[in-house]
2 protein chains.
Amino acid sequence: MNLQISIQPNLKLALRDPEASALGRKIIREGIVLMCQLGYEQFTFKKLAEAIDSTEASIYRYFENKHRLLLYFLTWYWNYVEYQCTVSMHNLNDPAVKIKKIIEILTGGLPSWADTSDIDKSALQDIVIAESSKAYLTKEVDDINSKQLFKPYKDLCHHIAIVFSEYNPKYAYPHSLASTVVETAQFQPFFMAHLPSLTDFGGEKGNTRKVSEYLESLVFAALSAR
Amino acid sequence: MNLQISIQPNLKLALRDPEASALGRKIIREGIVLMCQLGYEQFTFKKLAEAIDSTEASIYRYFENKHRLLLYFLTWYWNYVEYQCTVSMHNLNDPAVKIKKIIEILTGGLPSWADTSDIDKSALQDIVIAESSKAYLTKEVDDINSKQLFKPYKDLCHHIAIVFSEYNPKYAYPHSLASTVVETAQFQPFFMAHLPSLTDFGGEKGNTRKVSEYLESLVFAALSAR
DNA sequence: TGGAAATAATAGTAATACTACCATATTTTT
DNA sequence: AAAAATATGGTAGTATTACTATTATTTCCA
């Protein structure tokens, strides 16, 4: 089973396929680590070029700008989550069990099994938590959306919404609940680490189990109401 | 009753009180309109200076940088929401009614009654929706938090959490639910406008009633479960 | 009316976000 | 194996951003 196929990001994101060359792969591998360290705002192509012993101009031949590189990272991540969900639910029938599995995956609680890529998934997840909103909270959002670049994220939410509807076909807000859950799965760990008074979870780093429990109780309550 | 008193932002946010001078007031009034138009990334002090017929250097005497100006706007907004909540709930006893009122205010569905300020609240609300996450999704978050600059936001969430606990003292996640609701009240309208497939609400602009209904059902389900 | 403070006007710096150009290395095609 | 195409490196350069500094002028207010 080749994992690469299913997590291949949209090629429109990049000017040329970064997985097809040594330099491209270095841009992705090291880019993830560096953006995680510096944060999106402080991250620059110049710094990345220094880190991988290349030049700014060479990186620009792969990605128009750092926002596209961020989108590439996020696309990789959402495709990976989607893939994990698909595989995990392959032989599950009970929607309740499926929902629990989805939440476990979303909060990163599922140990990522070995795959062929050497992406630093922990760094990638930190990027998703801290930067993913910046993918769409921009004036370019409609333009980017019209190029289908949010498709993996929207598809994931849609598939989650379908499982919610399976559990309770009468529920009126499956898509809103799906996007709320996906967003909350990023925000609550961030709050836990930096603004703990916005949560009810102890400061123990990586207390993702608590976040899962909260989300489970929220989802099942919403889907079971009245 | 003087509204100004209760929505005075933390003075540590600004180098000098912008409400105390004509230039300062222009920075705030026009700054809100311009940041709403351009978005946080494209907004610059230089552009604002041109718009108010002043200079970059003069604006820097009021705010260290544009991130602090954004924080000032958000602080104003959260103080305003907190004030609206306080006044609205003054003679309410039923926690269920209080919760409905809070959600109505959060989604901006409550017509803002006349107050003495001439702030463009519609533009301010657009800024909150599109930019508020950028206040804390930065590597400076711990530094800013240690200066208490998120206090109004955290206080608001805390007060909402208290009302949730009033409704159901046994509920285990009042703070997480409060921050989830406040965040979702911003994200769902954004999705509605730009990524409608992430919601279950028709594209009719300003369909805040639907967002309120979704949030009400979510909150009451969560607080009433089992 | 004199002094302090605020603002304007101008200049300047380092960094960012690119674009352009050319030489060289590598890969692909024939 | 030679020729052609493509990828990369190296260097430069531009416009904009995010500031800081200096001095002159205006406004405030005691």
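The nucleotide whose nearest atom lies closest to any side-chain atom of B/Arg16 is, among C/dA17, D/dA7, C/dT7, C/dT7.
Near DNA chain D, meaning a heavy atom under 4.0 Å from it, residues 34-51 of chain B has B/Thr44, B/Lys47 in order of number.
Taking atom CZ of B/Phe63 as the reference point, atom P of D/dA18 lies 16 Å away to the nearest angstrom. In this structure, A/Arg25 atom CZ and D/dA7 atom P are separated by 14 Å, rounded to whole Å. Here the C1' atom of nucleotide C/dA17 and the CG atom of A/Leu70 are 16 Å apart, to the nearest Å. Spacing between atom NE2 of A/His67 and atom C1' of C/dC18 amounts to 16 Å, rounded to whole angstrom units. Whole-Å rounding puts the A/Arg68 CZ to C/dA17 P distance at 15 Å. The distance from atom CG of B/Leu15 to atom C1' of C/dA6 is 14 Å, rounded to the nearest whole Å. Separating the NZ atom of B/Lys26 from the P atom of C/dT7 is a distance of 10 Å, rounded to the nearest angstrom. Note: OH (A/Tyr60) to C1' (D/dT11) measures 16 Å, nearest angstrom.
Shown here is B/Gln37, whose CD atom has more than 12 heavy atoms of other residues, nucleotides or ligands within 6.0 Å. For A/Lys46, the NZ atom is loosely surrounded, since the number of other residues' heavy atoms within 6.0 Å does not exceed 12.
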For the pair B/Arg29 and B/Asp118, evaluate salt bridge (charged side-chain N to carboxylate O under 4.0 Å, His left out) and give the outcome as yes or no after the intermediate values.
CA-CA 8 Å; B/Arg29 304 309 181 266; B/Asp118 50 352; 2.4 Å; yes
Start with the C-alpha distance between B/Phe187 and A/Phe187, add both sets of side-chain angles, then the distance that settles ring pair (Phe, Tyr, Trp, His ring centres under 6.0 Å), and finish with yes or no.
CA-CA 12 Å; B/Phe187 275 106; A/Phe187 275 106; 5.5 Å; yes
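For the helix from C/dT1-D/dA30 to C/dT30-D/dA1, the axis fitted to the five pairs at one end and the axis fitted to the five pairs at the other end meet at an angle of 20° (nearest 10 degrees).
Separation of the A/Phe191 and B/Tyr136 ring centroids falls under the 6.0 Å cut-off. Taking the six-membered ring where the residue is Trp, the centroids of A/Tyr80 and A/Trp76 are separated by under 6.0 Å. Aromatic ring centres of A/Tyr153 and A/Tyr77 lie farther apart than the 6.0 Å criterion allows.
Salt bridge status for B/Glu131 with B/Lys134: present, with a side-chain N to carboxylate O gap under 4.0 Å. Ion pairing between a basic and an acidic side chain is recognised when a charged N comes within 4.0 Å of a carboxylate O; B/Arg68 and B/Glu64 show such pairing.
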Name the pairs: protein N/O against N/O of nucleotides 8-12 of chain C, kept only if under 3.5 Å.
residue : atom : partner : partner atom : Å
C/dA8   : OP2  : B/Ser54 : OG           : 2.5
C/dA8   : OP2  : B/Ser58 : OG           : 3.0

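Remark: B/Lys66 qualifies as a cation-pi partner of B/Tyr40 under the 6.0 Å distance and 45° angle criteria applied to the six-membered ring.
In the model, B/Thr180 has a side-chain atom that pairs as donor or acceptor with a side-chain atom of A/Tyr214 under 3.5 Å.
Distances shorter than 4.0 Å separate none of the side-chain N or O atoms of B/Tyr62 from OP1 or OP2 on C/dA6.
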